[in-house]
Novice: 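Quick one: the structure is below, and I'll ask about it shortly.
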Amino acid sequence: MVSVIFPAAGQGKRMQAGVNKVFLELGGKPMFVRTLLKFSAVPAVDELIIVTGKAEMAPMRHVLERVPELKPWCVVEGGSERQYSVKNGLDMVSKDAEIVLVHDAARPLVSRETIEAVIAEARKNGAAIAAVPEKNTVKVVNADGVVQATPPRSTLWAVQTPQGFRRDILVRANEQAAEDGFLGTDDASLVERLGVPVHVVMGGYENIKVTTPGDLIVAEAFLHEGRGEQLKEKLADAAETAKEKLQKLTNQK
Ligand code: CTP
Ligand code: MG
């Protein structure tokens with residue numbers, strides 16, 4: 001059995017919408033509904049656990065009760081940090097779950113392929129995360145704004161969710177983190193501290209975490225332009241136009 005925990009108890013401060021950003025609509029549907037629908041379309045997924053702020057639990061239930069395509073779901077109260085929200089979700093996971101996925105409610109563009117790849121790798125190796133090769137050069141900078149190091153880009157991966165784990169591993173990782181007072185920025189970092197190898201599967205560049213107002217525009221664009229074939233066609237069109245223009249300019253000389 002596969003359970004999925006969706007942290008959705010943030011305040012969306014960087015979005016500056018004055019409302020929890022997961023309630024913002026994308027293509028006419030609240031972001032969190034889109035995210036849950038993605039997982040509901042994956043046959044291997046059995047239950048959805050959405051973690052949100054106390055005041056938002058009732059409105060969220062109200063919305064979800066009107067979405068018939070969803071896998072069995074429940075809404076749970078979150079905590080002051082994402083890690084505590086995930087922990088509250090983990091406490092509600094069905095006892096029959098062997099695999100637990102954690103996925104940001106603010107990543108509605110995740111693909112079915114990515115979800116299935118994380119589940120398969122977590123089943124095989126116990127811990128798996130979706131990630132994409134980093135496109136930027138990343139530097140380590142100290143508090144004075146001075147560069148300390150430039151890790152080779154080929155070793156850097158930008159980490160996403162879903163992150164999937166054998167249930168016992170994720171439970172143990174959370175217990176250890178609580179005992180040590182460790183607060184991580186993702187779930188895998190808690191598992192890494194146990195010495196359990198975390199395996200990376202290819203995510204998608206479109207699987208953005210909707211964080212700032214600009215991300216909403218990017219997410220809408222991905223929603224309408226799609227990925228895969230549509231994106232390839234768009235690139236082919238752009239390439240043809242650019243080549244023609246370059247050819248004209250070259251001939252003018
Ligand atoms: N989250 C959560 N509990 C928290 C903080 C965050 O469940 N105490 C969730 C968010 O709702 C989001 C995901 O974790 O789906 C990723 O966090 P982030 O993108 O930082 O969202 P927010 O915390 O809402 O945004 P901000 O940091 O800008 O306030
Ligand atoms: Mg946050």
Side-chain angles (χ1 to χ4, degrees), residues 3-26 29-40 45 47-61 63-64 67 70 73-93 100-111 114-115 118 129-132 158-165 170 173-174 177-178 181-191 203-220 222-223:
S3 298
V4 190
I5 300 169
F6 298 91
Q11 294 178 15
K13 285 194 188 132
R14 286 168 287 178
M15 186 59 78
Q16 299 172 311
V19 61
N20 181 348
K21 64 186 178 184
V22 304
F23 282 88
L24 296 176
E25 292 200 355
L26 262 180
K29 279 197 184 92
M31 200 188 306
F32 70 93
V33 173
R34 284 204 173 272
T35 306
L36 298 191
L37 283 170
K38 280 283 170 68
F39 283 79
S40 295
V45 168
E47 69 175 6
L48 315 174
I49 296 161
I50 308 101
V51 192
T52 197
K54 198 179 176 79
E56 290 148 7
M57 292 170 70
M60 200 166 261
R61 286 192 186 112
V63 172
L64 294 176
V67 186
L70 294 175
W73 56 268
C74 68
V75 177
V76 183
E77 187 178 343
S80 58
E81 298 287 345
R82 183 186 180 281
Q83 186 175 314
Y84 306 145
S85 296
V86 171
K87 170 68 174 63
N88 288 1
L90 194 52
D91 290 341
M92 293 302 292
V93 163
V100 179
L101 262 51
V102 182
H103 183 76
D104 296 321
R107 290 187 192 267
L109 298 168
V110 62
S111 71
T114 297
I115 298 168
V118 169
I129 60 177
V132 286
V159 167
Q160 310 179 329
T161 66
Q163 302 194 343
F165 311 94
L170 188 58
N174 272 273
F182 175 83
L183 202 57
T185 52
D186 74 345
D187 307 285
S189 60
L190 277 51
V191 171
Y205 284 106
E206 76 289 344
N207 182 19
I208 61 166
K209 180 160 69 67
V210 181
T211 306
T212 60
D215 290 338
L216 264 188
I217 296 168
V218 175
E220 283 279 358
F222 273 126
L223 206 60

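Order of appearance sets the numbers: ligands from 1, and atoms from 1 within every ligand. Note that the coordinates shown come from a computational prediction; the quantities given were computed from them, not determined experimentally.
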Novice: Tell me, which protein residue and heavy-atom name are nearest atom 8 (N) of ligand 1, and how many Å apart are they?
Specialist: Gly79 O, 2.9 Å
Novice: Considering non-hydrogen atoms of the protein only, which is the closest contact for atom 21 (O) of ligand 1, and what is the distance?
Specialist: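 Here the nearest protein heavy atom works out to Lys21 NZ, 3.1 Å.
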Novice: With heavy-atom distances below 4.0 Å as the criterion, list the atoms of ligand 1 near Ser85.
Specialist: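 In order of number, 2 (C), 3 (N), 4 (C), 7 (O), 8 (N).
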Novice: Can you find an N or O of Val22 that's nearer than 3.5 Å to an N or O of ligand 1?
Specialist: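 No; every N/O pair is 3.5 Å or more apart.
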Novice: Among all protein non-hydrogen atoms, which one is nearest to atom 16 (C) of ligand 1, and what is the separation to 0.1 Å?
Specialist: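 Sorting protein heavy atoms by distance from atom 16 (C) of ligand 1 puts Asp104 OD1, 3.6 Å first.
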Novice: Has Thr35 got a side-chain atom pairing as donor or acceptor with Ala105's backbone, closer than 3.5 angstrom?
Specialist: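 Yes, the answer is positive, given that a donor and an acceptor are paired below the 3.5 Å cut-off.
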Novice: Between Ile208 and Asp215, what is the shortest heavy-atom contact and its length?
Specialist: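 It is CD1-O, 3.7 Å.
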Novice: Mark yes or no for whether Gln163, through its side chain, and Ala188, through its backbone, hold a donor-acceptor pair below 3.5 Å.
Specialist: yes
Novice: Please determine, by modelled atom types, if Asn88 and Ser85 share a side-chain donor-acceptor pair under 3.5 angstrom.
Specialist: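 There is no such pair (donor and acceptor under 3.5 Å, judged by atom type) between the side chains of Asn88 and Ser85.
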Novice: Specify the closest pair of heavy atoms between Gly164 and Leu101, including all atoms of both residues, with the distance to one decimal.
Specialist: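 Scanning both residues completely, I find the closest heavy atoms to be CA-CD1, 3.7 Å.
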Novice: In terms of relative ring orientation, are His103 and Phe6 parallel, tilted or perpendicular, with 30° and 60° separating the classes?
Specialist: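 If you compare the ring of His103 with that of Phe6, the planes turn out perpendicular.
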Novice: How far is atom 22 (P) of ligand 1 from its nearest protein heavy atom, and which residue and atom name does that atom have?
Specialist: Gly12 N, 3.7 Å
Novice: Can you pull out the closest protein heavy atom to atom 4 (C) of ligand 1? Residue, atom name and distance to 0.1 Å, please.
Specialist: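 Here the nearest protein heavy atom works out to Arg82 N, 3.4 Å.
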Novice: Among all protein heavy atoms in this structure, tell me which lies nearest to atom 7 (O) of ligand 1, with the distance rounded to 0.1 Å.
Specialist: Ala9 N, 2.8 Å
Novice: Give the atoms of ligand 1, by number and element, whose distance to some non-hydrogen atom of Ala106 is under 4.0 Å.
Specialist: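 In order of number, 15 (O).
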Novice: Is Met15 in polar range of ligand 1, meaning some N or O pair under 3.5 Å apart?
Specialist: no
Novice: For a quick test of reading the model, state the closest non-hydrogen atom pair linking Ala9 to Gly78 and the distance between them.
Specialist: CB-CA, 3.9 Å
Novice: Looking at ligand 1, does any of its N/O atoms fall within less than 3.5 Å of an N/O of Thr211?
Specialist: no
Novice: Can you confirm whether Met92 is buried at CE, in the sense that more than 12 heavy atoms of other residues, nucleotides or ligands lie under 6.0 Å from that atom?
Specialist: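 For Met92, atom CE is not crowded (no more than 12 foreign heavy atoms under 6.0 Å).
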Novice: Ignoring hydrogens and geometry, is there a side-chain-to-backbone donor-acceptor pair from Lys209 to Asp104 under 3.5 Å?
Specialist: no
Novice: If only atom types and distance count, is the side chain of Asn20 paired as donor or acceptor with the main-chain N or O of Val22 below 3.5 Å?
Specialist: yes
Novice: Quick one: does Asn20 get an N or O within less than 3.5 Å of an N or O on ligand 1?
Specialist: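 No, since none of the N or O atoms of Asn20 sits under 3.5 Å from an N or O of ligand 1.
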Novice: N/O of Ala8 under 3.5 Å from N/O of ligand 1, yes or no?
Specialist: yes
Novice: Below 4.0 angstrom from a heavy atom of Ser80, which ligand 1 atoms are there? Numbered from 1 as shown, please.
Specialist: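 Once the distances to Ser80 are compared, the set is 8 (N).
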Novice: What's the shortest heavy-atom distance between Val110 and Pro162, and which atoms?
Specialist: CG2-CD, 3.7 Å
Novice: With only distance considered, is Gly10 within less than 3.5 Å of ligand 1 through an N or O on each side?
Specialist: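 Yes; the residue has a nitrogen or oxygen that sits under 3.5 Å from a nitrogen or oxygen of the ligand.
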Novice: Considering only protein heavy atoms, which is closest to atom 27 (O) of ligand 1, and at what distance to one decimal place?
Specialist: Arg14 NH2, 2.9 Å
Novice: Is the contact between Glu81 and ligand 1 made by the side chain, the backbone, both, or neither, using heavy atoms and a 4.0 Å cut-off?
Specialist: backbone
Novice: Going by the atom numbers of ligand 1, which of them fall below 4.0 Å from some non-hydrogen atom of Ala105?
Specialist: 15 (O)
Novice: So, the side chain of Thr52 versus the backbone of Ala8: is there a donor-acceptor pair under 3.5 Å, distance only?
Specialist: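 Confirmed, Thr52 side chain pairs with Ala8 backbone.
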Novice: Closest non-hydrogen protein atom to atom 26 (P) of ligand 1, residue and atom name please, with distance?
Specialist: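 Here the closest protein heavy atom is Lys13 N, 3.5 Å.
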Novice: So which of Gly89, Pro7, Gly78 gets nearest to atom 12 (C) of ligand 1, if we judge by its closest heavy atom?
Specialist: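 Closest candidate by heavy-atom distance is Pro7.
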